[in-house]
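Here's the structure, in C-alpha cells; my notes come after.
For the single chain, residues carry numbers from 1 onward in sequence order. Keep in mind it's a predicted model, so treat the numbers as computed, not measured.
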Amino acid sequence: MAVMIPERPREYAPESLEGEMFSALEKLSDQYYVVHSFKNVHVTDNVMHEGETDFLVFHPEKGIICIEAKAGNVRYSNGMWCYSDGKPMKHGGPYNQASSNKWDLLGSIQRSALSDLQYRCKLLHAVWFPSVKKSDLRSERFPAEFDRRITMTMEALNDPQNALDDIFSIELGKGIKTELSESDTKRLLREIICPEFNIFPTRGFDIELKKITFHRLLKEQQGILNYLIDQRTAVINGAAGTGKTMIAVEKATRHANEGEKVLFLCYNVFLKDYLEDTYGNENIDYCTIAGFACSICHKSEPNYSEASERIIDMYLTGRFPYRHVIVDEGQDFGNDDIEEADILNTIYETVTESDTAGTFYVFYDSLQMIQSHKLPAFISEADCKLTLYKNCRNTHNIAITSLRPISERTPKLFEGAMSGVPAGIHYVDDAGEAGKAVKEVITALKNDGINDVVLLTCETENVSCLSTEVKDGKVFGKQFTTCRKYKGLEADAIILTDVGKDIFESEKVLRFYVGASRARVRLEVITTMNDEDCTDVLKNVLQYKKRIKKPKRDLAVALNAFASIMMEIE
C-alpha cells in the first residue's frame, strides 16, 4: 500500500471523484508516496504565487509526477478549456495547470538546499480524466499542450500502476534520470514534498499541536546552533527535554549535507537504532561508544584502550575517516574503562588537530548519569560549557513531575513549556493489580487518541512487576524496557512502573527522572507504595511541610500529579 499524505483525503467535492482517485492510488506499492492536494506557495519579486497539485506521486527510483484531475464533462472550444456549463477553466486548462505546478515544484527544489536534485530526479506532469474512457479520446482534436502519453483516464481507477509507469518511462529532453540515494529520498520527502503535512496517527488536535510545537527549534536551541557555526569545539549541558539530541542531529545533518563525514557517538543501543532509522544519512555514522570500539578493533567486545591506540594510529597516518564528531549522552562516558582509555580526549585531539579543521561537540545532562558514577574528565574539565534551559519536549506538568524528587532543579526548565494534563499516579496492592492498572491506562490513552505508548520500569525487566506479561519485548502490545535503555528517546505517553519507596530514597531517583522525562504529553506512574511509604517519601525526600492527611493523595499532589487508587480509600 502506498504511503498516503495525508492518510485520508483532504476535503473535496464529491463530483470531483478525488476520493475514488485517492483510493486507486492507495493500492500502489509501498515504494510510492502520494500527496493529495499538494500546495506550493512562493513569493517572487514581492508577488505571491500559489499553486495546488491535485495529486503528487513520488517514487524514489522513477521520479515525480504532478497530476491535475478533471472529472465530469470537460470540453475544449474556441481556444479554451471549459466545464460542462461553458465556464472557462482557470490557468489555461488542466494541462497548462499541471505543467505550471511542475515548474513551480522545480523552482522550490532549485531554491532549496537540494538544488542538485533537479538533475537527478525526473519531474513530469499529467492530467487525469476519471470520467472518460481511453477510447473516448481517440477521435477528439485537442490543443497543442495535450498528449495521450500524459493523459490518464477512467481505466487508471482500476490500474493506476500501468498508467503511471507509462508516464514515468517518458524521456526528458536533457536526459535526466532519477538517481536518488536513500539520503536524497528522505530529505526530498522531509524538506520539499511533505514538510507541511501532519502524518502523526493521533486523533486529538491538541496532541498534534503539542507534537508539532515540541519539534520546532526554540530561539534558545537555534541560538546554540548559530553559535556552533563558528565554534569548533563545545560542551553543551541541558536537562531532559531541552533539545540536546535535536540540536546534535541537526548539527550533524548540516555537516553531512556539505558532503563531510560525521561520527555521531551515543551510549544506548536503542537511541543509536532510532537515530539511524529516523535521521539516516550516508555521511553520518551513528554508533554506540562500545560499537565504535568494536568496529575499529575488529572485535566482538569493546577494548577502549586498544581503540584509543587505533585512533592515534589513524591520526598519525591520516586515516581517521571523520572530520566531525558529535557525542550525545556524554555523561555516560564516565565509566572506568572509557575514562582510563581517555578515548574522548583522543578523538577530540584527532579531529581538532588535523589539517581538516574538524569539530568536536559533546552534549550531556549530569542528572541523567545512570550508566556511570562520575562525569568524564573531558566534560568536568572543559573550560567553556553552554547550558540549555528551555524545555521543548514535555508539557509543563510533566516537566515539573519529573524534576520534583531531584534537588538539582530550576524553574527555568518550566518556562515556555506547553500546558497539559497532570501526570497520573496509580496506586495498586500487588503485581496482579499492576498489570490490570496498566491495561486500563493503555485503554484510556487509546480513547484519548494516544497510541504511541511505551512502558518503562525503574528496575530491570526480569524483576519488574510486569515480567510475567512480557512477550517479545512488549507488554499488552506496547514496547517494554528499562529507563536506562530508553534514555535519549521519547514517546507521546510513558507508563512508568516499579516506582517504589527505594526509587525515591537513593541514587535510583535519577531513573525516575530519566523515565518520566521521556513523556511528551502524558505520564502515568504505577506504584505499590502504601501509606507509610508515601509518608516517608513526603517527609524525607520532598521535604513536605504540610500536615499529611491522606498520604497517597498528598504524595500525588506534591509530585504535581493526580492520584488513582484501585481500592478507593476514604
Side-chain angles (χ1 to χ4, degrees), residues 210 213-214 218 220-221 236-246 329 331-332 363-371 375 385 387-425 454 456 458 483-484 486-527 529 534 536-546 554-563:
K210 285 180 171 62
T213 302
F214 291 152
L218 302 178
E220 183 178 63
Q221 283 76 17
I236 299 102
N237 177 38
T242 53
K244 299 183 297 300
T245 300
M246 182 168 56
E329 301 185 298
Q331 72 281 349
D332 292 333
F363 296 81
Y364 76 102
D365 177 9
S366 58
L367 297 181
Q368 295 190 59
M369 197 162 53
I370 59 176
Q371 302 284 10
L375 282 176
K385 298 187 185 76
T387 300
L388 291 162
Y389 289 105
K390 297 300 178 63
N391 191 309
C392 58
R393 175 198 293 152
N394 319 119
T395 63
H396 182 273
N397 282 313
I398 291 174
I400 293 176
T401 300
S402 66
L403 285 159
R404 272 282 162 86
I406 302 173
S407 59
E408 296 181 60
R409 60 182 183 270
T410 169
K412 277 190 174 183
L413 288 168
F414 313 145
E415 292 179 6
M418 295 189 68
S419 61
V421 299
I425 298 184
V454 174
L456 299 180
C458 290
C483 296
R484 288 177 182 270
Y486 204 69
K487 184 169 57 61
L489 298 171
E490 57 190 58
D492 284 351
I494 292 292
I495 301 176
L496 198 59
T497 67
D498 305 296
V499 181
K501 182 176 100 170
D502 64 312
I503 294 298
F504 292 101
E505 295 185 336
S506 66
E507 69 278 0
K508 291 182 180 180
V509 70
L510 293 183
R511 299 183 197 175
F512 176 88
Y513 164 66
V514 168
S517 61
R518 301 305 97 199
R520 293 193 195 100
V521 293
R522 293 286 288 273
L523 171 64
E524 308 292 338
V525 179
I526 311 295
T527 178
M529 286 192 293
C534 293
D536 286 345
V537 173
L538 281 165
K539 289 181 176 179
N540 301 323
V541 178
L542 301 178
Q543 307 299 313
Y544 194 71
K545 303 300 183 184
K546 298 179 181 179
D554 290 344
L555 177 60
V557 172
L559 291 173
N560 189 52
F562 66 84

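Residues T527 and I425 meet the side-chain proximity criterion, which asks for heavy atoms closer than 4.5 Å. Side chains of Y544 and K546 form a contact here, defined as non-hydrogen atoms less than 4.5 Å apart. The side-chain heavy atoms of I495 and V454, taken from C-beta on, include no pair separated by under 4.5 Å.
The side chain to side chain contact (heavy atoms under 4.5 Å, CB included) search around A563 returns Y427, R553, A556, not counting sequence neighbours. Shown here are the side chain to side chain contact (heavy atoms under 4.5 Å, CB included) partners of K385, two or more places apart in sequence or in another chain: V235, Y364, I379, A382. A search for salt bridge (Lys or Arg N to Asp or Glu O under 4.0 Å) contacts involving D332 returns K487, not counting sequence neighbours. Legend: residues meeting side-chain hydrogen bond (donor to acceptor under 3.5 Å, both in side chains) with Q368, ordered by chain and number and at least two apart, are D365, R518. For the side chain to side chain contact (heavy atoms under 4.5 Å, CB included) test, residues two or more places apart in sequence or in another chain that qualify with A516 are S402, L496, F512, L523. Annotation: side-chain hydrogen bond (donor to acceptor under 3.5 Å, both in side chains) contacts of K244 (sequence neighbours excluded): none. In this view, T245 and V249, L275, D328 satisfy the side chain to side chain contact (heavy atoms under 4.5 Å, CB included) rule, not counting sequence neighbours. Annotation: side-chain hydrogen bond (donor to acceptor under 3.5 Å, both in side chains) contacts of N237 (sequence neighbours excluded): none. For K508, the salt bridge (Lys or Arg N to Asp or Glu O under 4.0 Å) partners at least two apart in sequence or on another chain are E459, D502. The side-chain hydrogen bond (donor to acceptor under 3.5 Å, both in side chains) check on N540 picks up nothing, with sequence neighbours excluded.
Atom CE in M529 sits 4.5 Å away from atom SG in C534 (nearest 0.5 Å). Atom-to-atom distance recorded for F363:CZ and Q331:CD is 12.5 Å, nearest 0.5 angstrom. We find the CD1-OG1 distance between I526 and T497 to be 8.0 Å, quoted to the nearest 0.5 Å. Between the CD1 atom of I494 and the OG atom of S517 there is a distance of 9.0 Å, given to the nearest 0.5 Å. The distance from atom CG of L542 to atom CZ of F504, rounded to the nearest 0.5 Å, is 7.5 Å.
Using modelled atom types, one side-chain atom of T401 and one backbone atom of L559 make a donor-acceptor pair closer than 3.5 Å. The closest donor-acceptor contact from the side chain of Y513 to the backbone of P405 lies at 3.5 Å or more, if one exists at all.
The pair D492-R522 does not count as a salt bridge, with every side-chain nitrogen at least 4.0 angstrom from each carboxylate oxygen.
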Under the side chain to side chain contact (heavy atoms under 4.5 Å, CB included) rule, what do V421 and N397 come out as? Steps first, then yes or no, please.
-> CA-CA 7 Å; V421 299; N397 282 313; 5.7 Å; no
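Among V514, I503, V509, the single residue meeting the side chain to side chain contact (heavy atoms under 4.5 Å, CB included) criterion with C458 is I503.
Nearest heavy atom pair, residue R520 against residue I398, reads O-CD1, 3.7 Å.
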